[in-house]
Novice: 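Here you go, one structure.
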Amino acid sequence: MTDPTRFFDTGQRETILVVGDVMLDCYEYGAIERISPEAPVPVLRHGERSAMLGGAGNVAANLASLGAQPVLVGRIGADDTGETVRALCERDGITPKLIPDPDVPTIRKTRFVSGGQQVLRLDEEAIEPCTGDCMAGILAAIDEALPRVATVILSDYAKGLFTGGLAEAVIARAKAAGTPVIVDPKGRDFSRYRGADIVTPNRAELAVAAGEALVGEAAIIAAARYQIDTHALGALLVTRSEEGMSLVTPTDALHTEAEAREVFDVSGAGDTVVATYGLAIARGLTPASAMRLANSAAGIVVGKRGTAQVALPELRESLRRKGTIPSRMRTAATLEVARKAVEGWRREGLRIGFTNGCFDILHYGHASILERSKALCDRLVVGLNSDASVSRLKGPNRPVNPEADRAALLLALRAVDSVVVFDDDTPLALIEALLPDVLVKGADYTLDDVVGADTVQANGGVVKLLDLEPGRSTSAILARSDSPAK
C-alpha cells in the first residue's frame, strides 16, 4: 500500500477538473414552537440562514479545502442565484467555468432546519438536457482546462447536464489525453460512463443500476462486476453507509470498515468521497490507499451539519489519531485552509477565538494566556508573526526560533487548534478574513490599541484583555541569558 503521508506532503496544488450539476445549497435555521392557526402545519420561527456550493460545487469545495486547485465546469441560469454560485467559487479558491443557460434556472435547494433536523426541503430546478450554445460553451471550457489537469471528476446529480452526450464526450477527451476519469453516478444507465477509470455509486445507486436489491457483500461485488464488464469500467468504489466501502475491480475486491462516529448529516458525503479519492489518485496513491483515505474523510464530514467539507489538517489529524500516518509535529495552516476550517467550525455552532504574537521562546506566560483564551471559545486560532515580521518588530537578531519551529510548538499545546503565519506587522488582514467571535490580547494593551478590535466588534464579536503573568516574557528570558540575540 502506498504511504498515505504523500497525500499531505506533496507541497503542490494539483489542478482537478470537476464537471457536473452545479447548485446552491441554502439552509434556513429556526425553531418550531407552535402549530399554525391557518392550517395544521408547524410554524418555523426564523433564526439564521446560510448558503454554500452544492452538487458538483461541493466536490470542488472539498478539493479546495484539501489543498487542490479545482476548475469547476457546469451550467447556471441567467439569474442572481447563478451569480451567487460564481461568487462563492471565487471566495473558496475555485476557478469557475460556469456557462449560463437562459432556458433553466440555477438549481437551488433550500433546507428548513429546526432542532438540528430538516423539516422541509424546497427544490427550485428544471431538469432539461444541455444543448446548443450551452453544450458548446461547456465543451470549450473543458478543452481549455484539460491539458493542465491531473484528474477529471464527473459529478452527476441527474439534473440534465449529462443526458445529451456530455459524459461520453468528456470521457473520450480525457482518455485521449491520458487523464484519469472518476464518476459519481446517478440513474439506472451507467452506459454513459463507459470507459471511466472508476465509478463511485453508493449501495442504493448500484441497486438502481442493477434493478434489484443488493443484500450482502457477494451481491454487491457481483453487481459491480456486471457494470465493469458491461461498460468497460476500470473499477467501482461502492460506499455502503455503516458497512464501509468496497473497491471492486475485474479481478479483486477490497473492503474497509466504516469509521464509527456520531452521524449528524449525510448531505454531500458522496461529494467528499469522490473529491478525496480523486485527489489521492492525482497525488500518486494506490486505489486501495485512496479508498481508505476517502473513507476517513467521509467519517469526518458526516459528523458535521449541513453541506460540509473536510479540511486537510483535520483529515491529517484523524489519520494520526488512528496511527495510519506517523505522529509528528503539526505545521501551520495557510490562510485559505484556516478560513475553510473556521467556516466548518462555525457551521457546527462553535465559537471561534483568535489571538496573535511572536511566541519566540515559548514560556509559561504564553501557555497561560493561551489556556485562558481557549476557555473563552471552542476553537482557538493563533496568528503567528513570520520571521521577517519578528525581525522588523524586535530587531535583526530576532527571532531566536524560526517560524516553523514556533508554529509546531504552539500546535503541541492542547489549547491551540490552528496556527496561521502572517508576514505583515499586524494581523489585521488575518482577522478580517477569519472574523473571530472572540479577539484576545494581553492587558498591557488598551481596547483602542488592539488591532482588529473594530472589525470584530462590528461583526458582533467581543474583545477580551487578559492579565499577563508578571515577569514572564521572551525579552526577560533573553536578558538573563548569554544569547547573542539579547
Side-chain angles (χ1 to χ4, degrees), residues 19-21 55-56 59 151-159 161-163 165-168 170-172 174-175 180-259 263 266-278 280-281 285-299 301-302:
V19 184
D21 295 301
V59 176
T151 305
V152 175
I153 296 175
L154 304 189
S155 177
D156 189 352
Y157 268 78
K159 302 303 181 184
L161 186 70
F162 290 115
T163 58
L166 180 61
E168 295 90 335
V170 177
I171 292 170
K175 301 301 283 187
V181 180
I182 301 167
V183 179
D184 191 4
K186 273 290 188 298
R188 181 179 297 275
D189 184 9
F190 280 18
S191 65
R192 68 169 65 105
Y193 313 129
R194 184 175 185 82
D197 293 277
I198 189 156
V199 180
T200 65
N202 60 37
R203 177 169 45 193
E205 290 163 345
L206 182 58
V208 169
E212 61 180 337
L214 301 176
V215 180
E217 190 169 316
I220 289 173
I221 292 172
R225 289 248 170 86
Y226 177 83
Q227 297 297 329
I228 291 170
D229 295 342
T230 304
H231 305 303
L233 305 174
L236 258 67
L237 177 63
V238 185
T239 56
R240 300 167 55 188
S241 301
E242 70 280 358
E243 295 179 3
M245 294 182 182
S246 294
L247 178 64
V248 183
T249 72
T251 59
D252 200 5
L254 301 174
H255 181 70
T256 185
E257 299 295 328
E259 299 199 4
V263 176
V266 297
S267 301
D271 301 331
T272 300
V273 168
V274 72
T276 308
Y277 188 95
I281 293 299
L285 271 68
T286 64
S289 292
M291 172 182 67
R292 295 184 178 97
L293 201 67
N295 187 53
S296 293
V301 81
V302 297

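Side chains included, hydrogens not; waters and symmetry mates left out as well; all remaining heavy atoms used.
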Novice: Checking Val170 against Val152 for the side-chain contact (heavy atoms from CB on, under 4.5 Å) test, could you report, in this order, the C-alpha distance in whole Å, the side-chain angles of both residues, the deciding distance, and whether it holds?
Specialist: CA-CA 9 Å; Val170 177; Val152 175; 3.9 Å; yes
Novice: If you take all heavy atoms of Leu214 and Ala219, which pair is closest and at what distance?
Specialist: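 Smallest interatomic distance, heavy atoms only, reads CD2-O, 3.9 Å.
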Novice: Is the backbone N or O of Asp189 less than 3.5 Å from a side-chain atom of His231, with the two atoms forming a donor-acceptor pair by type?
Specialist: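 No; judged by distance alone, with no hydrogens or angles, the pair does not exist.
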Novice: Rounded to the nearest 0.5 Å, what separates atom OG1 in Thr276 from atom CG in Leu293?
Specialist: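 Reported value, rounded in 0.5 Å steps: 6.5 Å.
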Novice: Could you tell me the separation between the CD1 atom of Ile220 and the CZ atom of Arg203, rounded to the nearest 0.5 Å?
Specialist: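 Ile220 CD1 to Arg203 CZ: 5.5 Å, rounded to 0.5 Å.
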Novice: What verdict does the side-chain contact (heavy atoms from CB on, under 4.5 Å) test give for Asp184 and Asp271, after you've listed the backbone C-alpha separation in whole Å, the side-chain angles of each residue and the deciding distance to 0.1 Å?
Specialist: CA-CA 8 Å; Asp184 191 4; Asp271 301 331; 4.1 Å; yes
Novice: About how many Å separate CD1 of Ile281 and CD1 of Ile198, when rounded to the nearest 0.5 Å?
Specialist: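 Those atoms lie 7.0 Å apart.
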Novice: How close do Ala235 and Ile228 get, heavy atom to heavy atom, and via which atoms?
Specialist: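 That would be CA-CD1, 4.0 Å.
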Novice: Checking Ser246 against Arg240 for the side chain to side chain donor-acceptor pair (under 3.5 Å) test, could you report, in this order, the C-alpha distance in whole Å, the side-chain angles of both residues, the deciding distance, and whether it holds?
Specialist: CA-CA 8 Å; Ser246 294; Arg240 300 167 55 188; 2.8 Å; yes
Novice: Report the residues that fulfil side chain to side chain donor-acceptor pair (under 3.5 Å) with Asp252, sequence neighbours left out, ordered by chain and then residue number.
Specialist: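 So Asp252 forms no side chain to side chain donor-acceptor pair (under 3.5 Å) with any residue.
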Novice: Is it true that Lys186 and Glu205 make a salt bridge, defined as a side-chain N closer than 4.0 Å to a carboxylate O?
Specialist: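 Salt bridge: yes.
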Novice: Looking only at heavy atoms, which two atoms of Tyr157 and Asp21 are closest? And how far apart?
Specialist: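 Looks like N-OD2, 2.8 Å.
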Novice: Do Leu154 and Ile171 pass the side-chain contact (heavy atoms from CB on, under 4.5 Å) test, and can you show the C-alpha distance, the side-chain angles, and the key distance before you say yes or no?
Specialist: CA-CA 9 Å; Leu154 304 189; Ile171 292 170; 4.0 Å; yes
Novice: Is there a side-chain contact (heavy atoms from CB on, under 4.5 Å) between Leu237 and Val273? Walk through the geometry before answering.
Specialist: CA-CA 10 Å; Leu237 177 63; Val273 168; 4.1 Å; yes
Novice: Can you find a pair of side-chain heavy atoms, one from Leu247 and one from Tyr277, that are under 4.5 Å apart?
Specialist: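 Sidechains of Tyr277 and Leu247: in contact.
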Novice: Do Thr286 and Met291 touch side chain to side chain, with heavy atoms closer than 4.5 Å?
Specialist: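 The answer is no, as the side chains (C-beta and beyond) never meet within the 4.5 Å cut-off.
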Novice: Please round to the nearest 0.5 Å and tell me the distance separating atom CG of Leu166 and atom CZ of Arg192.
Specialist: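 With rounding to 0.5 Å, CG (Leu166) is 10.5 Å from CZ (Arg192).
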Novice: Locate the shortest heavy-atom distance separating Ala269 from Val302; write the atom from each residue and the value.
Specialist: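 That would be CB-CG1, 3.9 Å.
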Novice: Look at the side chain of Ser289 and the backbone N and O of Leu285, then say whether any donor-acceptor pair between them is shorter than 3.5 Å.
Specialist: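 Checking the backbone N and O of Leu285 against the side chain of Ser289, no donor-acceptor pair under 3.5 Å is found.
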Novice: When you compare the side chain of Asp156 with that of Tyr193, does any pair of heavy atoms fall below 4.5 Å?
Specialist: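 They are in contact (side-chain heavy atoms under 4.5 Å apart), so the answer is yes.
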Novice: Decide yes or no for Pro185 and Thr200: does some side-chain heavy atom of the first lie under 4.5 Å from some side-chain heavy atom of the second?
Specialist: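 The answer is yes, as the side chains (C-beta and beyond) meet within the 4.5 Å cut-off.
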Novice: Is the backbone N or O of Glu257 less than 3.5 Å from a side-chain atom of Asn295, with the two atoms forming a donor-acceptor pair by type?
Specialist: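 The answer is yes, because a donor-acceptor pair under 3.5 Å joins these two groups.
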Novice: Identify which one of Arg225, His255, Glu217 satisfies the side-chain contact (heavy atoms from CB on, under 4.5 Å) criterion when paired with Val248.
Specialist: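 Answer to the side-chain contact (heavy atoms from CB on, under 4.5 Å) test with Val248 among Arg225, His255, Glu217: Arg225.
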Novice: Looking at every heavy atom in both Ile182 and Thr151, which two are closest together, and how far apart are they?
Specialist: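 Between these two residues, the closest heavy atoms are CD1-CG2, 3.8 Å.
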Novice: Do you know which two heavy atoms are closest between Ala298 and Met245, and how far apart they sit?
Specialist: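 What the structure gives for the nearest pair is CB-CE, 4.3 Å.
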